[in-house]
Each structure stands twice: as C-alpha cells, then as structure tokens.
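Chain identifiers are assigned alphabetically (A, B, ...) following the order of the sequence lines, protein sequences preceding nucleic acid strands; residue numbering begins at 1 within each chain.
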Amino acid sequence: MIGVVQPTPPSLDVRGVRYAYPDGHVALHGVDLTVPRGERVALLGPNGAGKTTLVLHLNGILTPTEGSVRVGGLAVSQDRATLAEVRRRVGIVFQDPDDQLFLPTVAEDVAFGPANLGLRGAELAARVDEALAAVGMGEHRDRAPHHLSFGQRRRVAVATVLAMHPEILVLDEPSSNLDPAARRELAEILRGLPVTLLMVTHDLPYALELCERSVILDAGRIVADAPTRDLLTDTDLLTRHRLELPYGFTPTPR
Amino acid sequence: METLAMHISNGIIDGPVAAVFAAVALVAMTFCVLRGRSDLDDRLAPMAGLVAAFIFAVQMLNFPIFTAGVSGHLLGGALAAMLVGPWVGALCVAVVLVVQALVFGDGGVAMLGLNITNMAVLGTAAAYLLIALLLRVLPRTPTGLGVTAFVSALFSVVVAAMGFVGQYWLGGTTDLGGNLGGLAGTMAGVHLLIGVGEGLITATTVVTVAKVRPDLVYALRALKPAAPAPVPAVGGVR
Amino acid sequence: MGAGHAHVLYRESASPVHRLPPEVKIVAMVVFTLAVVATPRTAFWAFGAYALLVAAVAALARVGPGWLLSRALIELPFVLFAVALPFLGAGERVELLGLRLSEDGLYGAWNIVAKGTLGVLASLLLAATTTTRDLIVGLDRLRCPQILTQIATFMLRYLDVLVGEARRMRVARVSRGDDPRFLWQLRGFAAGVGALFLRAFERGERVYLAMLSRGYSGRMPAVWQGAGAATAGQWLVAATVPVLAAGVAATAVLLT
C-alpha cells in the first residue's frame, strides 16, 4: 500500500462528550480534545469547571451521556475486558496522594496496579523497581507511604501509575501543596518521562514550564486551545475564565 | 464497670463456657462471611474497612457520662448494621475485636468468642431486627431515620450487656450467689445510659450521612430496591 | 495506632522474636493464653511459671519490663471489677484486715487479675514484635477468610487518618469552649462524629476510585508478602513457649 501511511492513533481522542449527573446537573457540554502521542498538554480551568469530571471519563469511571472517548484508538466502553485495558492505558494520578497510596509499603503499593494486570514474581518486581527508579524513590521501597514527605508521596503516586506502563499519564493538580523544591523536582521528573501527559491544573506557571500546549475548560466547554505561552499572555481570556497569574509572574510573548 | 460487656478479659468467664461461645461465634461468623460475600460488592469493601476503622477509632475515644467515674464508648453494631448491612456489619465489628484482642490485649484472646457473640452477633442482630421493623413503621423522614437509629443503638447496647450477664450466669468464675440479679441490674442501668450516648451518636451520624449521601445507607437501600445504582464518588468531584 | 509498617505498640528491633513469621507468633500467643485460662486458679505456682515464660520471651524480644507494665494498664477496669468481687461474692466469708470478705470472691479476684494480666502481657509481646501488616499476613496464612483480612487491611489503613481527624476536630471544639462533660452536652460530640464519618466516607470513595483506576476488580491481587511462610524449624522454635505453658497447665490440672 504505497503512499498510505498508517498514522499512530492519538493517545487520547475525546469527541463531543456530554455528561449530566444523576441529579440533572450538566457538568460537560460537549467536550472535544485530542492529545497526540508524546505530547504534554495542560488542562486549565477554574474550580468547578468540570476538569475532574472529564478526567473520570478518560478511564471509564464515568460514562458520557453523549459522545465518545478513545484511548490509543480503543473506544472506552463498559465491557469488562475493554475497561481493564483502558484503565491500564490511562494512568490517573489523583490530587491527594493519600487517596492513591493505601498499602503498607511503597513497593506493595506500586505493585498493586501491575498485579491487577496479572503480573507476578520477578516480572512484577522489575516493574516496581523501574517505576520507583523513574521517580527517584528506589531507596524508599520498603518504607510506609505515610512516613514519607508529601512531595515524596506524590512521586510514589506517580510511580504507582507508571508501573502499569500507561499510554497516557493524567495528573490532577500535580503541583498542589508542594513546597518549591518538591515542585521543581517533580517537574524535572515529569519532563524526563517518555509518555503522553495530560496535566489538570490551575497553576499557570507550572503549565507553562511543562506543557507546550494548553486547553481551557470552563463551565463544561473547551473555550481555548493554543500554545501555553499564547494563552497566558492573553489577559482578557484568563480574566474571563477566572484564571490568574501569580503576583509578579509575567510570561513574555514570543 | 461498663467495660465488662465491651471487652471481657481473660479469666472472667470459665473455660468451657468460653469454648462453647467460641464455637457459637465461629458458626455465626462463617454464616456472615457467606452471606456477606454477596453484599460486599467491590464498592462496599473499602467502605466496610472504613466502618471498621471508624468503630475502632471511636471505641478508643471514651466519652464521660457523668462527671465522675463511669465512661463508655460506642459498640458500633447499630451503626454498622445501618450503613453496611447486618452481615458485613457483624464482620466489621468482629474484625475490630480480633485486632484489639491480638495487639492491644483489650479483651482476652481466650474470651474472643464471648466478645464476638455479644458485640458483633447479638449487638448487630438486635440492631438490625429493630431497624428493619422501625423503618417499615416510622415515616420516611430524617426524624424517622434518626429515631430508628437511636432506638436500635440503645437496644443493641443493652442486649450486648445482657449477653454478658447471661454468659456470667453460665460460667462466671466467681459465684455471686443472689447478687447476679444485682449484676444484671447494674449492667442494664449503666448500659441504658451508655446506650443513650450510643444512640445519639449513631442517630446523628446516620442522619448526617443520609442527608448528604442517601445511597450510602444500606438500611435505606435495602428497602428501596428500585433505587438506581449510584455512581461512585459523585460528591465532591464535580 | 499506625497503619502498616509500625504502630504505637511496635518496638523496632531485630531480635529473634521479631524475626519469627507472624503466623507462628499468633498461634503461640493464642495457645499460651488458652493454657493460662485453663489453669485452676488455686495453682499459684503455675501462674509464677507463666510469668517466668513471659519474662523470658520479653527479654529475648528486648522489651523492657517498664514498657510492658505501663502498657498493661489497659486492663485497669477489670482489676476494679476484681476488687469488687470479694464484697459481692457468695459463700464462705474470711476475715482479712478487719473486713469480712467472700473467700470465693477473693479467689475470683485473683483469678481475673492473674489471667487477665498474663493475657494482656502476651498480646502486648505479640504487638511489640509484629507490625500490623505482618499480623494481617499472618492471619491470611492461617486461612482467615479473605473478606476479613481485606476489611482489616482497609481498617488499619484508615485508623491513622481517622484518629488524626478526630483529634483536630476535638481541639477545634474544645478551643471554642465545648466541654462535653454531661449527657446533654454530647450533641457537639455527636455532630462532630457525624461529620467525621462523612469525611472518612468520602475519602474512602476517592481511594476506591484511585484503586479502580489501577485495575482493581474487587479482589486484592496476591502481591508478594515479605518473607516466605514459616518453616517447620520456626514452628518448632516458637512452639517451645506454648508447649511449656500447656505442660504447666496440664500438671496444674492434675495436681488440683
């Protein structure tokens, strides 16, 4: 088949997703979002914009009222086998690491995901070591998560998801509650990971630091999709959607 | 003195009676495991752990009843029955008792069967029977639910206490002679007061949960089979 | 009480007792306690022998007597009950320090104090040498139904969170002048408990979501569990204490 190049499907393809909660409240009014493989995208938006609701659609925890979600070409459905594969492909790191980490030791917690995938023994141990090394937490593998610092716990939370070899890493407010050093360390780690990344945040400088492209979600709609720097220099746009740059931070337009 | 019914210590009841009740507890727990499995959908498992942790934590926080001396704590049977159902609820209380006995020495290991029978089996069963009855009779309002929780909690505490009196009558290591009636009276009196505290706490907790997340109250779910399957974690994530 | 690796009663050490697999220690502790409870109360020498055994294990586990005795205060309420027995008990009365006491009650009090204390000391030794996580692994290996170990795992995970929250809420309440000393003041406490429960529930739900996202399907995967199960040798080593205790108990039963 000369001339027809089979393109890799995008890591994430969200089409016309609409979602209403059982109580009738509509959280998403038709969201379109495509994230090509290898890209790092920031999902910006004020509190209550529907960011977390959208994230829960990505791995089939919530099912859209209308529209579809595809992960690496695979359509998310409620079919058991599909759901398991989708949850492997989409690695969600939740905002509070204490919600994510629940087993007695770091290593066991990191092993939880791949063990659910059926890995055992040496293969499982290798996955755990690899994921912990990727976030620089290898030497803490036998410690209890709640004895680690908050920044370390967030890194372990990232590792628990990395161990599943996800197609796309989704981070919910990765910089929240981190001190400046932990924030920088996490940024360095994230920048070094060879995965597609979707970062949900309202920390605009962090988005600028890590993501070339950003989309703004407000009131359940995507209202902007452009290079992060362009969005952050558009003061009117930011104000309209309750986004603010921290005091003293002014990105220079290119 | 109230602690007696809560956690019977080694040596208070004689060996044969303790052994009989260990067998009783084992049979009851096996039954609960079998019945609980169908209740314990994958969503309820972490919730059951939470209910257990909650009972464990609240049992550690004693609240004073009078200015002096007597203090009590929740048994949790009614709360567990309300929120996770009778089978899983009894298992939750039993897990709390086992861990307390093994690592805290709170309640003797040899008396575990007695303690499980009183608090996990009798307490939860008494509570759930009353809950099932009262929810049918009383109006489906927060007040109705609160009254149900209060009464069933109060009742379950007294039943658990009477469980101890019964066991003491069967195998108390010291013959109290005519004083057994006195023991029963004292236990009933003290536990009526503890039951009021337990009832208030259970009622407030259940009503608070029912107001915010009615889908989480097992007792309400069981009565309304037509209720749509709740979406996990709708609250607080939108 | 901490989840997992350590808890307030756990004493970090590499003593021979610490290194024994948890299932072995649980069985040893239970058998020892049963032997103690089965001993006739008049066999005073037997209780001395048990105390010696406890002391020997404590020394081997490098747990100091001061630590053990102060933690054993948990059974104080039972001691109070025991003190009441000589006054309540029926049957023959004896004159002691000018008081007419029930002889049966005195024996009963001794019975409760001795057996209760030995039981508490035995479980404290188990707690001091075993992490809660190992305890669950031990229960699991002893064929405890999975539904129970699973509830226990989640329970231990949440204790820290709950106790921390409860403490913060109490401080906040007391700071605003609440003093729940009387029954009618329990309202504040009860309302706080309701809020505490909801907080915990919602946290549990978020944890569950995070677990689902990592492929949880209702059954905990068999993640590797530290060191392997106990060997026959370890069973034999750990059996010394309960076997000795059982021997003492049997002798005591035969002699009385």
Cut-off 3.5 Å, no hydrogens considered: what does the side-chain donor-acceptor table look like for residues 60-67 of chain A, sequence neighbours left out?
from  : atom 1 : to    : atom 2 : distance (Å)
A/T63 : OG1    : A/Q78 : NE2    : 3.0
A/T65 : OG1    : A/R18 : O      : 3.3
A/T65 : OG1    : A/A20 : N      : 3.1

Given the options A/L83, A/L119, A/D109, which has more heavy-atom pairs under 4.5 Å with chain C than any of the others?
-> A/D109
Do you know which of A/T160, A/V161, A/L101 has the most heavy-atom pairs with chain C at a distance under 4.5 angstrom?
-> A/T160
Of the listed A/V86, A/L117, A/D98, the one with the largest count of heavy-atom pairs under 4.5 Å with chain C is A/D98
So which heavy atom on A/N59 is nearest to which on C/S213, and how close?
-> ND2-OG, 3.0 Å
Can you name the residues that form a salt bridge (Lys or Arg N to Asp or Glu O under 4.0 Å) with A/D96, not counting sequence neighbours?
-> C/R203
Got a second to check how far A/Q100's CD is from C/M211's CE, nearest 0.5 Å?
-> 11.0 Å
Give, for atom CZ of C/R214 and atom CZ of A/R87, the distance between the pair rounded to the nearest 0.5 Å.
-> 13.0 Å
More than 12 heavy atoms from other groups under 6.0 Å of CZ on C/R62 | yes
